[in-house]
Structures are given as C-alpha cells and as structure tokens.
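Below is one structure, written out as structure tokens; comments come after it.
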Amino acid sequence: MSTNAELATIFERMAAMLELLGEDRFRVNAHARAARAIEGLSGDVAEIAENEKALTSIDGIGAKTAKKIREYVETGRVHEHDELLAKVPAGLLEVLDVPGLGPKTVRMMWMEKGVESIADLKRILDDGSILELPRMGEKTVQNIRESLAFAAKSSERIRLGDALPIAERLVARLEKVKGVQRVAYAGSLRRGRETIGDLDILVSAKDGAAAREAFTGMEGVEKVLASGEKKSSVRLQAGKISVQADLRVVDDAAFGAALMYFTGSKEHNVRLRERAIRMGMTLNEYGLFPETEGEKPPQEQGVKPVASRTEEEIYEALGMAFVPAELREDQGEVSDGWETPELVEVSDVRAELHAHTTASDGVMSIVELAQCAKARGFHTIAVTDHSKSSVIAGGLDEARLRKHIEQVREANGRVKGITILAGSEVDIHADGSLDYDDELLAELDVVVASPHAALRQETKEATKRLLRAVAHPLVHVLGHPTGRIINRREGLQPDMNAIAAAAAEHGTALEINCNHLRLDLRDRDVRIALEHGALLALNCDVHAEEDFDELRYGVLTGRRGGLTPERCINTWGAKKLHGWLKKKRGG
DNA sequence: GCCGTTTTCGGCCCGACTGTTTTCAGTCG
Ligand SMILES: Nc1nc2c(ncn2[C@H]2C[C@H](O)[C@@H](COP(=O)(O)OP(=O)(O)OP(=O)(O)O)O2)c(=O)[nH]1
Ligand SMILES: [Mg+2]
Ligand SMILES: [Mg+2]
Ligand SMILES: [Zn+2]
C-alpha cells in the first residue's frame, strides 16, 4: 500500500474510533475529511510533507493533521491512532459496518453489554439481552439479524460495467410507468466510478405513488428495505448480481436540484451547501433557496427557489462553472476560479489501437475487425495480436507475426475507408525487456507493450520494468499498465509519477484499457499522467465485436482523470495520429 | 479539527424513513 493509502486508512479509522468514543461529531468529520483529502492526492504525501506549507495548504488538512502526517512519515506511526487502538476494541469497527447499526447503537452495546465484536453481537442477539438496550425492540432486532446474514454473503462493490446495464434496464422500465415524467440514474454510477455501491435512480412524476409501486414491485426485487412517499430502497437480484437500488421521487420542477443532490458525491454536496450558506442561501434536493426565517425548510414555506430546474442553473446561481458529474468529488471543483474542462466524449474517439484477431485470442478475422471499426466511424484500426510468450492467448512467434503483417497489409489494401495498421500487443517480460527483438518491432506500425505475467512484483521492480518499456524507442503505447482486474487482482503498483514523467519524456502514450474488468489506467493515474504532460490512449482491447462497446467505461474513467481530446491520441485525425506513430519509426 | 464574501471564534449540509417513542433519535441518502 502507498503511504497515501496507509494514512488515509489511519485517519478513516481514527474517525470511526472517535465516533465510538462519543467524541464531537465535527471532530469526527474533520478526521474523515482529512482521510479523503489524503486519498485524493496525486503526489506522494511523504514528499509533500517535506514542505512545511504544502500540507496545510490542502483543504481539510490543518496544523494538527499535518503534524500527524509528518509523525507518520518520520516514525511510521501516529501515536494518537495507537492510543485510540488501545481504547477501542478492534472488532467493534466491524460491528459498525453492519447496515442499520450506527455509532450510537454500537457504543451503547459496547458500554452496556460489553459487545466488542460481531461474535459478541450474535451472543446478545441469541440470549435476548439485546432487548434490554434503549430503543431496541423486536423489529430492530430482526433487522439486525437480517443485516448480519446478508453482510456475510456479500458486501463487495459492483463493477461499473456490470452495474450500468442493470441501471439502464431499470430506467427504461420506470420510463414506461404511467405518470412518470423523467428518469435518470445518478450516484457513483453517473459519476463513472469504477465500482459502485448501489444503483441510485431519480424519477420525476405526477403520480409518485405509481413510480414507487412499480419500483418496489419490480421483477428481481428480493426485499423492500424501506419505502416512503419520496424515496424507496430495495435489494435486487439481477442475474448473479445482488445489489441495492435506491429510488428518489420528486416534482419535475425540482429535477435539476434532485439530480444534483442524488449524483453527489456526498462531499461535493456538502461543499456546495456550505457555499450556498456563505452566499446567504440554502441548497437542498428541492432547489437553491433564499435565506428564510421560520423553522420549516424553505420548500415547505412556499418559498420560490432561486434555481431548481436544471443543474446548470444551480451552478450558475452559486457563481460556479458547471461541474461535469465525473468531477464532483470535492477535489477542488467547488473553489472560486475553477473552470470546466472540455472532457473527452465517446463520440470524439475515432481510432482503436488495441485489437485481437483469430490469429491469437480474438474471434474476428482482420477484415471483420476492420469492418466493425469502420461501422463505428473509425478512421484507423490497429491489429495487435499477442506475442509469443502469451501462450494461452495463442501468441504469435516471429514467423507467424511476419506472415500476419503481410495479411494485414493485404487486408488494408482490400478494405476501403479505414486504415488497418499492423501492430502487436507485445508482452513486457518481468525484467522490462520485450517479447520480440527490435528488428521485428520496427516493422510494425504500432506497438502496444503490456505486462501479462509477474504481476505481483514489488513497487520498485515493477517501476523499473515499466520504465524500461516506456523508454523503448519502438513502443507507442504502454498497454493496461498495472494488469489489475477490478475486485480480483491488484496488479502492479508502480510509482505512477515516475512512469508518467517518463511517458511524457519519451512520447509514449499510456493506455486506459476500457474493458470494464480492467479500467487500467484507473482514474487517479490518468490524472497523474496528465499532470506530467503524458498522452493517453483509450483502447477497447477488442477480442469480439461487443468489446467496442466497452469504450464508454474507459471514457468515464478518462473524464474522471480530467482527460481532454487533445491529450487522447484516439481522438486525433488520421493524419496526426499516423504521423505521431511514424515518429517512432524514424519518420 | 478546520476554516473565513460578516467571523481568528463559533459555526460546521440537509432531508427521508423507521421504530419506538408519546415527541424524536438514529441511520442513511
Ligand atoms: N447532501 C448529502 N447528500 C448525500 C449524503 N449522502 C449521500 N448523498 C447523496 C450524494 C450521493 O452520491 C447520493 C447517493 O448516495 P450513495 O450512498 O448511493 O453514494 P454514491 O452513489 O455516491 O456512492 P456508492 O457507490 O453508492 O457508495 O446521495 C449526505 O450525507 N448529504
Ligand atoms: Mg450510490
Ligand atoms: Mg444510494
Ligand atoms: Zn490485448
């Protein structure tokens, strides 16, 4: 784990433990915010900590937190964290993770019943002594039982690529309900996070009850977790995937405000609401309102909102530039002077530079592949089958590759309206050397170099390995740089700042592999790459026709990292792209 | 613990649903 991740975890845990000790909730929040701030840094916190002012200039990090960070960098410990660990039983944090159990209840169980772990919780459930606690009745006990049983089964976040199609089906379903006006998915899904915790769906309707009934009665609903006039939650089974879905129902006039609220992130919302307060207004999911007297919230006082119909109006009324959903992560976008970047879009992409054919592990011929790419309006498709050491994937030895190159040239002559490039996805060996010699690589129009094996290397080794590939004069693109598989394999954890700097120096593009299992580079690494001035490649790693549709996941990832079309080689026109490729061929 | 379009002290986002309560605390979004 990186120092950043370690420190973020420490502050996160400190927040939880302070909460269990009954500490002031604003102090608790401050620790949680510090954790987020550290987590969001693109640079190494240990390096930043060398500069006295640099740490405290980060929003959410003050003098006290900075001191703790420096203590950790110097000694490997945060003594206040150690002190908390001595006070709060480790197992209690797991009890806090049980849905429905919050800090107040868990603290009560701990103090009154000596609960220090999930096992202890089960004990007081079984012997009935849990009922002796205040505000604890039969229903609550039953809910805790069910939460425990369900949490044991699964609590993993769902991959974006698995969640988005399910959400789209839900949206289509709800759009058909009578009285429903507009439907949109929101939450982390709309922000394009690589994994999502639940499906958040917003509906505007003349008849809210109909929307609610349709939602809770939908096919696949296993359990209705809550259902009121304005929001409902269910647990859904969709194929093998079990996921929570939240529905929010609002008046159509408040759709923009509600979409803004429900898209989040939570931290972005809080920053916006604080900004509204400073400007003498109130922001909630019903709109941006002028300051009002009275106890009741403005929407219940019949106060006319300053803005509520669209997100654009609300950002404008807050004196801000519009923030694309992917950037609503409280990473500085709510500050004065922030400007909307022109982020890359799916329709900008006009070339695929990473695709396999039946020569290795693809299912299409060269011509079929080219026709698919052409149908998508691409001007260029690169055929990049696997290299010889990728045995399971049917990698090509030198002789087969030479023949394959000839076949690509021949197909390129035959298929009009698209350029078919001869390439390879050449394996990067554990030591950073490539799977073909330079003479052969020089014959290829495009070389994507990717790691496939030895993905558990230490950071130092992994960095050295990838740096060697990036600096190779014949390599155009570093493919799926870490080799991670979301929720399954961590992959390499190289020093991304070093890789990005080298990529910029050598004019090598870093791939965002769009496959939803990979999304590699990930969002944060895209940002690091751009900060160093590197180019990015949005590649679908096509094996079959439907893989072209993975593009949107990569685009979302790129957008989260701030990717603009200029920095993404797949958006360039044919001439510019081909010229760039030839620069590494002495042209 | 952090921070400043009115503040270097005194605020800190705001609302829906549930279960247990007899008026609202707790949890979650
Ligand atoms: N203002 C405000 N909005 C919140 C709060 N919690 C959640 N929201 C909003 C923003 C979230 O993006 C949105 C959906 O909540 P979720 O818990 O589903 O979070 P989100 O989808 O961002 O992440 P997830 O992947 O589901 O864990 O609701 C909160 O405490 N305050
Ligand atoms: Mg969500
Ligand atoms: Mg949710
Ligand atoms: Zn590939």
Side-chain angles (χ1 to χ4, degrees), chain A residues 11 14-15 18-19 23-37 55-69 80 96-109 131 133-144 147 186-188 197-202 208 212 216 224-234 244-250 254 257-258 260-289 291 295-300 318-319 330 334-336:
Chain A
F11 280 99
M14 287 178 78
L18 287 167
E19 210 166 23
E23 278 278 350
D24 175 65
R25 68 195 164 97
F26 300 108
R27 232 184 118 224
V28 171
N29 269 346
H31 282 78
R33 188 178 173 193
R36 295 279 316 205
L55 273 181
T56 48
S57 73
I58 299 164
D59 283 342
I61 298 181
K64 292 226 178 65
T65 302
K67 192 146 176 278
K68 286 168 203 161
I69 292 172
E80 278 187 47
L96 202 51
D97 283 338
V98 176
L101 293 186
K104 293 277 163 39
T105 312
V106 175
R107 177 173 166 76
M108 187 67 73
M109 289 173 171
L131 285 163
L133 292 171
R135 305 190 62 83
M136 197 55 75
E138 289 294 346
K139 280 188 181 167
T140 304
V141 166
Q142 188 53 30
N143 286 340
I144 296 171
S147 283
S188 51
D198 66 358
L199 307 171
D200 299 297
I201 313 276
L202 175 66
R212 164 186 175 177
T216 54
V224 178
L225 302 169
S227 183
E229 214 179 307
K230 294 166 173 148
K231 62 189 265 198
S232 301
S233 286
V234 301
Q244 181 172 328
D246 292 343
L247 180 78
R248 194 67 210 251
V249 184
V250 296
M260 185 179 226
Y261 150 73
F262 215 22
T263 298
S265 63
K266 175 191 168 188
E267 291 74 15
H268 179 81
N269 288 352
V270 171
R271 293 288 95 74
L272 291 181
R273 289 170 182 209
E274 286 171 351
R275 188 181 173 94
I277 291 171
R278 283 201 304 276
M279 295 175 75
M281 298 187 282
T282 304
L283 176 64
N284 59 32
E285 59 265 52
Y286 300 100
L288 179 64
F289 295 90
E291 210 160 19
E295 289 282 287
K296 286 201 284 185
Q299 66 275 9
E300 287 174 27
L318 286 169
D330 186 27
V334 184
S335 316
D336 282 331

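Reminder, nothing fancy here: chain letters follow the sequence lines and each chain counts from 1.
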### Query
Can you tell me how far C1' of dG10(B) sits from CD1 of Ile277(A), to the nearest Å?
14 Å
### Per-nucleotide protein contact string for nucleotides 22-29 of chain B (B base, S sugar-phosphate only, - none; heavy atom under 4.0 Å)
--BBSSSB
### Query
What distance, rounded to whole Å, do you find between the two P atoms, one in dC9(B) and one in dC14(B)?
24 Å
### Query
Which whole-number value in Å describes the distance from Leu202(A) CG to dA16(B) C1'?
14 Å
### Message
Is there a side-chain contact between Thr140(A) and the phosphate of dT18(B), meaning an N or O under 4.0 Å from OP1 or OP2?
### Response
no
### Pairwise P distance, dT22(B) and dG26(B) [rounded to whole Å]
15 Å
### Gap in Å between the two P atoms, one belonging to dC2(B) and one to dT7(B), rounded
22 Å
### Task
Using the C1' atom as the reference point in each nucleotide, state the distance between dG11(B) and dT20(B) in Å, no decimals.
32 Å
### Summary
The side chain to side chain donor-acceptor pair (under 3.5 Å) partners of Glu300(A) (sequence neighbours excluded) come to none
#### Entry: Nearest-0.5 Å distance that lies between atom CG in Leu202(A) and atom CD in Glu285(A)
10.5 Å
Do any side-chain atoms of residues 25-37 of chain A form donor-acceptor pairs under 3.5 angstrom with protein atoms, and if so which ones, sequence neighbours left out?
from	atom 1	to	atom 2	distance (Å)
Arg27(A)	NH1	Glu23(A)	OE1	2.8
Arg27(A)	NH1	Glu23(A)	OE2	3.3
His31(A)	ND1	Arg27(A)	O	2.9

#### Entry: Separation of atom CZ in Arg27(A) from atom P in dG10(B), rounded to whole Å
20 Å
### Heavy-atom side-chain contact between Lys231(A) and Asp246(A) under 4.5 Å
no
### Query
If the P atom of dA16(B) is compared with that of dC3(B), how far apart are they to the nearest Å?
30 Å
### Task
For the pair Ser147(A) (side chain) and Pro99(A) (backbone), establish whether a donor and an acceptor sit closer than 3.5 Å, ignoring hydrogens and angles.
yes
Tabulate atom names and distances for all N/O pairs under 3.5 angstrom spanning the protein and nucleotides 5-7 of chain B.
from	atom 1	to	atom 2	distance (Å)
dT5(B)	OP1	Arg278(A)	NE	3.2

## Note on the structure
Here the side chain to side chain donor-acceptor pair (under 3.5 Å) pairs for residues 274-284 of chain A, sequence neighbours left out, are Arg271(A)-Glu274(A), Arg275(A)-Asp336(A), Asn284(A)-Gln299(A)
### Message
Tell me the interatomic distance from Leu247(A), atom CG, to dA16(B), atom P, rounded to whole angstroms.
### Response
14 Å
### Query
Leu225(A) near the nucleic acid: base, sugar-phosphate alone, or nothing, with a heavy-atom cut-off under 4.0 Å?
nothing
### Task
Indicate yes or no for a side-chain donor-acceptor contact from Asn269(A) to the backbone of Tyr261(A) under 3.5 Å, with no hydrogens or angles considered.
yes
### Expected output: side-chain Arg212(A) to main-chain Ser232(A) donor-acceptor under 3.5 Å
no
### Task
Both distances under 3.5 Å, Watson-Crick or G-U wobble: report the partner of dT27(B), or none.
dA16(B)
### Message
Using a 4.0 Å heavy-atom cut-off, does Glu138(A) contact any base of the nucleic acid, only the sugar-phosphate backbone, or nothing at all?
### Response
sugar-phosphate
For residues 102-109 of chain A, run the donor-acceptor check on the side chains, cut-off 3.5 Å, and write out each pair with its distance to 0.1 Å, sequence neighbours left out.
from	atom 1	to	atom 2	distance (Å)
Arg107(A)	NH1	Leu20(A)	O	2.9
Arg107(A)	NH1	Leu21(A)	O	3.4

### Task
Grab the CG-P distance between Asn29(A) and dC3(B) for me, whole Å please.
13 Å
### Message
With a 4.0 Å cutoff (strictly under), does any side-chain N or O of Asn143(A) reach OP1 or OP2 of dT18(B)?
### Response
no
#### Entry: Phosphate OP1/OP2 of dC13(B): any Asn269(A) side-chain N/O under 4.0 Å
no
### Task
Would you classify Lys68(A) as touching base, sugar-phosphate or nothing, given that sugar-phosphate means primed atoms plus P, OP1 and OP2, and contacts are heavy atoms under 4.0 Å?
sugar-phosphate
### Message
As an exercise, state the distance from CD1 of Ile58(A) to CD1 of Ile69(A), rounded to the nearest 0.5 Å.
### Response
6.5 Å
### Query
Separation of Ile61(A) atom CD1 from dG1(B) atom C1', in whole Å?
12 Å
### Query
Expressed as a whole number of Å, how far does the C1' atom of dG1(B) sit from that of dT8(B)?
15 Å
### Task
Hey, could you give me the CG/CG distance between Leu272(A) and Leu318(A), rounded to the nearest 0.5 Å?
6.0 Å
### Message
Please report the distance, rounded to the nearest Å, between CZ in Arg25(A) and C1' in dC2(B).
### Response
15 Å
#### Entry: Closest-nucleotide 5' rank along DNA chain B - winner of Met136(A) and Tyr286(A)
Tyr286(A)
### Whole angstrom value for the distance that separates P of dC3(B) from CG of Leu55(A)
12 Å
### Gap in Å between the two C1' atoms, one belonging to dT18(B) and one to dT23(B), rounded
15 Å
